J.: 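One structure, pasted below without further comment.
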Amino acid sequence: MKINIAKVMIGEEEKKSVLGVLESGMLAQGAWVKRFEGEFASFNGSSYAAACCNGTAALDIALKAIGIKEGDEVIVPDFTFIASANAIRFQGAKPVFADVRPDTFNIDPKDLEKKLTKKTKAIMPVHLYGQAADMKGLQKISEGAGIPIIEDACQAHGASWNGKKVGGFGTMGAFSFYPTKNMTTGEGGLVTTENAGLDAKIRMLRDQGQKEKYVHTELGYNLRMTDIAASIGVGQLERLEANNKKRRENAAVLTAGIKKIKGLTPPFVAEGNEHVYHQYVIRVEDDFALGRDELMKKLAEKSIGSAVHYPIPVHRQPYYQGLGYKDVKCPVSADLAGRVLSLPVHPGLAREELDYIVAALKEASP
Ligand SMILES: *Cc1c(COP(=O)(O)O)cnc(C)c1O
């Protein structure tokens, strides 16, 4: 048995529609992108959705659209994929790192509040691993201080809190369709919003700042999605909810087994949250028989893929160290980097494979 940490699942529908696009000769942003945007907006309960070439670009133009610029500060969790923070740097602004909660792994509103300054111009929560951040706490701060929220929903397609989907809480939400995410377009991204003006701005920024054909009113990029990618996205979106459900079922099997193993803590789901398990992440506690990296090796010996998301807190990355982020206080983030472990949870897993993973974990804890 060999179990991979992720599996890209492309359906017959996507294969057919990609061929159709190729045969049509209309490959660039066109009718399929428009259709994909419409279907994603309707799935997400968002008024507007604008596609682009990847999730990093989606975050980048969302921040640009609300006017983030040099001298501004944007608060972002220290425990995330580096793209969240880099998007802030692309605008010349300063990422300010807030700590995360040890249970949900998401940004801690209490620490965020301490890091607000007069220069704070946006808050960027990340719905890490597929679970919504504490939107109640964050919205309270956002409303109180009059600071917009830009959601990094790149790992949380379809995740919700109190029945409302992520990407719909902030001024804008950014999604990624990288192959290992819960749905893919090969590479791709998308920005959701309720604001028509911001949607129009995003559409200009992704396409050379064009207001109308060959009339350019802004310094825009070329960040368009292709119709090839969008045609994959349409098929993927149709299966997203079924796949998310399967991920939750797989997670429930893993959790039932892991709960009984001393020293391993299964994921915690906060009240009101529907988790979509982009990653199924356990904590390897100090009283477990092995350290996290040793446990990974044991699993690898049994051909079980696992991964660490993420081994280095963002502010400790060489790039940010070079910028002088020396005494950032995010102790939970630093602790988690040494103890989190992502186990396979993808919808392609069979029951026997899940049982095999739990058995391997049990065996590793004498
Ligand atoms: C994947 C991801 C991104 C970036 O998306 P890309 O499509 O790879 O550019 C940003 N933030 C988080 C949290 C991600 O997981």
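In this text, all values refer to a predicted model and were calculated from it rather than measured experimentally. Values below: every heavy atom of this structure, side chains too, minus hydrogens, waters and symmetry copies. For ligands, and for the atoms within them, numbers begin at 1 and follow the listed sequence.
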J.: Check the hydrophobic clustering (I, L, V, M, F, W, Y; side-chain heavy atoms under 4.5 Å; chains of links allowed) and say if V345 and M1 are grouped together.
T.: yes
J.: I'd like to check the side-chain hydrogen bond (donor to acceptor under 3.5 Å, both in side chains) partners of D286; sequence neighbours left out, ordered by chain and number.
T.: R339
J.: Look at atom OH of Y178 and say whether more than 12 heavy atoms of other residues, nucleotides or ligands are closer to it than 6.0 Å.
T.: no
J.: Can you list every salt bridge (Lys or Arg N to Asp or Glu O under 4.0 Å) pair that touches residues 222-234, not counting sequence neighbours?
T.: D207-R224
J.: Please tabulate protein-ligand N/O pairs under 3.5 Å for ligand 1, atom names and distances to 0.1 Å.
T.:
{"residue": "ligand 1", "atom": "5 (O)", "partner": "S176", "partner atom": "OG", "Å": "3.3"}
{"residue": "ligand 1", "atom": "7 (O)", "partner": "G55", "partner atom": "N", "Å": "2.7"}
{"residue": "ligand 1", "atom": "7 (O)", "partner": "S176", "partner atom": "OG", "Å": "2.6"}
{"residue": "ligand 1", "atom": "9 (O)", "partner": "G55", "partner atom": "N", "Å": "3.3"}
{"residue": "ligand 1", "atom": "9 (O)", "partner": "T56", "partner atom": "N", "Å": "2.9"}
{"residue": "ligand 1", "atom": "9 (O)", "partner": "T56", "partner atom": "OG1", "Å": "2.5"}
{"residue": "ligand 1", "atom": "11 (N)", "partner": "D152", "partner atom": "OD1", "Å": "3.4"}
{"residue": "ligand 1", "atom": "11 (N)", "partner": "D152", "partner atom": "OD2", "Å": "2.8"}
{"residue": "ligand 1", "atom": "15 (O)", "partner": "Q155", "partner atom": "NE2", "Å": "2.8"}
{"residue": "ligand 1", "atom": "15 (O)", "partner": "K181", "partner atom": "NZ", "Å": "2.9"}

J.: Show me the donor-acceptor pairs, under 3.5 Å and distance only, between side chains in residues 49-57 and residues at least two apart or in other chains.
T.:
{"residue": "N54", "atom": "OD1", "partner": "T56", "partner atom": "N", "Å": "3.1"}
{"residue": "N54", "atom": "OD1", "partner": "A57", "partner atom": "N", "Å": "2.7"}

J.: Whether the K2 and N4 side chains hold a donor-acceptor pair (N or O, under 3.5 Å, no angle test) is what I'd like checked.
T.: yes
